[in-house]
Amino acid sequence: MPQTMPTTAKRDPRPLNGVDTPALFATIDVVKAQPDLARFRFRATNRWVRGTNSRTRIESFTGAGAEHAHKREFEFDADHPAVLVGTDEGPLPVEFLLVALASCLTSGIGNIAAARGVQLSAVQSTIEGDMDAQGILGLSDEVRNGYQRIRVHFRIQGDASPEKLRQIVEQSRARSAVFDVVTNGTPVEVSVDAG
């Protein structure tokens with residue numbers, strides 16, 4: 001009697017968790033075939049308002065071989081609270097870093113869960129960063145200016161086992177662009193036109 005090889009069921013990708021899963025897989029296939037399309041440049045413009053308050057605008061970016069405009073312009077105010085000599089017109093810049101990290105991890109969870117066929121019912125995170133202001137105040141060269149430690153805690157629910165949900169969070173961490181920037185560092189060039 002001939003022996004047949006077991007077949008694995010191939011899941012037909014469908015939109016899930018608000019993610020257009022077929023488009024996600026199509027994008028991966030296109031970039032795999034044309035790696036130059038993976039190069040992106042994101043940008044923002046910032047202007048000082050007054051005191052410690054500044055306003056940043058995000059309009060467009062380059063990627064996938066073209067220039068792209070967001071469907072609308074985004075503006076964000078950043079400031080310091082009164083205890084740090086500001087007027088509290090917006091979150092601290094270091095708080096925006098927490099927003100970026102939590103948002104990047106969460107969007108990754110949505111994509112990865114959809115790609116793995118897991119329906120999510122809830123994802124929530126709490127993120128905290130510990131900082132000693134002696135560094136930025138110039139009181140100690142021994143204290144770094146930025147966060148000394150960041151902690152992220154996720155609560156995630158879906159139609160998969162707790163272990164599979166943990167694996168989704170771990171895969172998001174492993175592929176997060178913001179997690180990579182924060183944990184591996186990125187060269188930053190600063191140039192000045194003064195006058």
Side-chain angles (χ1 to χ4, degrees), residues 15 17-20 23-24 27 31 37-114 120 122-133 135-138 144-155 169 172-173 175-195:
N17 303 321
V19 175
D20 185 345
L24 173 63
T27 299
V31 172
L37 294 178
R39 290 195 171 92
F40 281 74
R41 176 168 290 163
F42 299 98
R43 57 185 164 268
T45 57
N46 176 278
R47 71 177 179 80
W48 173 70
V49 177
R50 64 190 273 277
T52 58
N53 180 210
S54 67
R55 184 164 299 128
T56 300
R57 187 175 72 223
I58 299 172
E59 301 174 76
S60 62
F61 60 94
T62 340
E67 180 72 18
H68 303 275
H70 286 285
K71 67 180 182 180
R72 69 179 178 86
E73 180 181 296
F74 300 100
E75 279 196 350
F76 305 95
D77 270 46
D79 201 352
H80 291 184
V83 71
L84 290 173
V85 203
T87 56
D88 214 10
E89 297 297 323
L92 285 154
V94 292
E95 291 173 315
F96 275 113
L97 181 65
L98 298 178
V99 170
L101 181 55
S103 299
C104 190
L105 290 167
T106 302
S107 63
I109 288 168
N111 277 341
I112 293 161
L120 296 172
V123 179
Q124 182 178 344
S125 66
T126 303
I127 185 165
E128 299 177 318
D130 299 330
M131 191 171 151
D132 184 336
I136 62 171
L137 294 174
R144 68 179 295 176
N145 295 330
Y147 285 122
Q148 296 165 321
R149 178 172 298 279
I150 296 174
R151 289 172 304 286
V152 186
H153 177 74
F154 278 96
R155 293 175 57 163
V169 174
S172 179
R173 185 209 56 80
R175 292 287 172 242
S176 167
V178 178
F179 187 89
D180 176 72
V181 167
V182 170
T183 59
N184 292 317
T186 297
V188 177
E189 301 169 20
V190 177
S191 62
V192 179
D193 289 331

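When side chains are defined from C-beta on, Phe76 counts as touching Ile58, because their heavy atoms get closer than 4.5 Å. The shortest distance between side-chain heavy atoms of Thr106 and Ser125 falls below 4.5 Å.
Residues Thr52 and His80 come closest through the heavy atom pair OG1-N, 3.4 Å. Across all non-hydrogen atoms, the minimal contact from Phe179 to Ser176 is N-OG, 3.0 Å. Val169 and Ile109 get closest at one heavy-atom pair: CG2-CD1, 3.8 Å. In plain terms, the two heavy atoms of Gln148 and Asp132 that are nearest each other are NE2-CB, 3.6 Å. Across all their heavy atoms, Leu37 and Gly65 have their closest contact at CD2-N, 3.9 Å. Annotation for Glu89 and Asp77: closest pair O-CB, 3.6 Å, computed over non-hydrogen atoms.
The local environment of CZ in Arg50 is sparse, with at most 12 non-hydrogen atoms from other residues, nucleotides or ligands closer than 6.0 Å.
Atom CD of Glu128 and atom CZ of Arg151 lie 4.5 Å apart (nearest 0.5 Å). Put simply, CE on Met131 and CG on Leu97 are 10.5 Å apart, with the number rounded to the nearest 0.5 Å. How far CG of Leu137 is from CG of Leu84: 7.5 Å, rounded to the nearest 0.5 Å. Distance CH2/Trp48 to CZ/Arg55: 12.5 Å, rounded to 0.5 Å. In this structure, Arg57 CZ and Glu73 CD are separated by 5.0 Å, a value rounded to the nearest 0.5 Å. Interatomic distance, Glu75 CD to Asn46 CG, rounded to the nearest 0.5 Å: 10.5 Å.
A donor-acceptor pair under 3.5 Å is formed between the side chain of Ser172 and the backbone N or O of Leu105. At least one donor-acceptor pair closer than 3.5 Å links the side chain of Tyr147 to the backbone N or O of Val94. Here the side chain of His68 pairs a donor or acceptor atom with the backbone of Gly63 at under 3.5 angstrom. The backbone N or O of Gly86 lies less than 3.5 Å from no partner atom in the side chain of Asp79, so there is not a single donor-acceptor pair.
Checking Thr62 against Arg43 by side-chain atom types alone, a donor-acceptor pair falls below 3.5 Å.
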